[in-house]
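In what follows, a single structure is set out as structure tokens and then discussed.
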Amino acid sequence: MRIVLVGPPGAGKGTQAAFLAKNLSIPHISTGDLFRANISQGTELGKQAKAYMDAGNLVPDEVTIGMAKDRMAKPDAENGFLLDGFPRNVSQAEALDVALKADDVKLDAVLDLEVPEDEVVKRIAGRRICRKDSSHVFHVTYSQPKQEGVCDVCGGELYQREDDSEDTVRKRLEVYHTQTEPIIDYYRTQGLVVTISALGKVDEVTARAMEALKGDK
Ligand code: AMP
């Protein structure tokens, strides 16, 4: 399956993507994770991306689209993938369509995670991410690790993303509304959008998502 996951920052895209990708046996491709890996490795691409990310803005398409396409061209993504955080604007969605068409494949679904705005802010403010594996996500009240500051899964150090500060979150939400939300209409015209509520326990949302995707298999 080829799936795009959309939703505002804090909707739980990363958390859900990790579970869904595992259930569906497809790679989880997160452009945010790819940027963060480049930043921690000190690559040129990471240096280019960092200032945009810290400000809550989108990294320019020239950098992002090439990086996403390179990742999708890896052998593990040949038979499907779950895109998390890409595309994030209409021109990226168009570039993705062109790339898929060149490979003579299509998206199966666009899963839209819906969550009220006040919930988003609460979720992001308390979010803590593992330094070793950013798909290991915790929350200071909703999903506490057994030991404070330590990842339950791999023992990595938990930290708060720099772009999870309140001001940057507001900026990211604005960017989501103005630039990313229009892709939902773009995909709606292709009949691909499945919307689910992202409220509730992590496993409940995963079950809801799997059920919603069933019709698209
Ligand atoms: P995420 O981990 O998906 O929340 O992404 C974190 C940040 O990485 C975003 O706020 C953007 O600055 C950048 N980013 C991730 N994916 C994209 C994308 N598809 N286009 C542009 N910027 C992106």
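Remember, it's 1-based here, ligands and their atoms both numbered in the order they're listed. The shown structure was predicted, so the numbers you read here are calculated from the model rather than taken from an experiment.
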query = Between Ser30 and His28, does a side-chain hydrogen bond (donor to acceptor under 3.5 Å, both in side chains) hold up when you go through it step by step?
reply = CA-CA 6 Å; Ser30 155; His28 166 202; 4.7 Å; no
Exercise answer, ligand 1 polar atom pairs (N/O) under 3.5 angstrom:
| from | atom 1 | to | atom 2 | distance (Å) |
| --- | --- | --- | --- | --- |
| ligand 1 | 2 (O) | Arg36 | NH1 | 3.0 |
| ligand 1 | 2 (O) | Arg36 | NH2 | 2.8 |
| ligand 1 | 2 (O) | Arg161 | NH1 | 3.3 |
| ligand 1 | 3 (O) | Arg88 | NH1 | 3.1 |
| ligand 1 | 3 (O) | Arg88 | NH2 | 3.1 |
| ligand 1 | 4 (O) | Arg88 | NH2 | 3.2 |
| ligand 1 | 4 (O) | Arg161 | NH2 | 3.2 |
| ligand 1 | 5 (O) | Arg88 | NH2 | 3.4 |
| ligand 1 | 12 (O) | Asn57 | O | 2.6 |
| ligand 1 | 16 (N) | Thr31 | OG1 | 2.7 |
| ligand 1 | 16 (N) | Gly85 | O | 3.3 |
| ligand 1 | 16 (N) | Arg88 | NH1 | 3.1 |
| ligand 1 | 19 (N) | Gly85 | O | 2.8 |
| ligand 1 | 19 (N) | Gln92 | OE1 | 3.0 |
| ligand 1 | 20 (N) | Gln92 | NE2 | 2.9 |
| ligand 1 | 22 (N) | Val59 | N | 3.0 |

Lys NZ or Arg CZ of Arg128 over Phe138 ring: under 6.0 Å, within 45° =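 The answer is no; the distance or angle limit is not met.
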request  = Would you check if Pro8 and Val115 make a side-chain contact, meaning some heavy-atom pair closer than 4.5 Å?
outcome  =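 Side-chain contact under 4.5 Å: yes.
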Just list the side-chain donor-acceptor pairs under 3.5 Å for residues 60-70, sequence neighbours left out, or say none.
| from | atom 1 | to | atom 2 | distance (Å) |
| --- | --- | --- | --- | --- |
| Asp61 | OD1 | Asn89 | ND2 | 3.1 |
| Asp61 | OD1 | Gln92 | NE2 | 3.0 |
| Asp61 | OD2 | Ser91 | OG | 2.6 |
| Thr64 | OG1 | Val59 | O | 3.2 |
| Thr64 | OG1 | Pro60 | O | 3.0 |

query = For atom CD of Gln160, is the number of surrounding heavy atoms from other residues, nucleotides or ligands below 6.0 Å larger than 12?
reply = yes
query = Looking at Glu166 and Arg170, does any basic side-chain N land under 4.0 Å from a carboxylate oxygen?
reply =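 Looking at Arg170 together with Glu166, the answer is yes, because their closest N to O distance falls below 4.0 Å.
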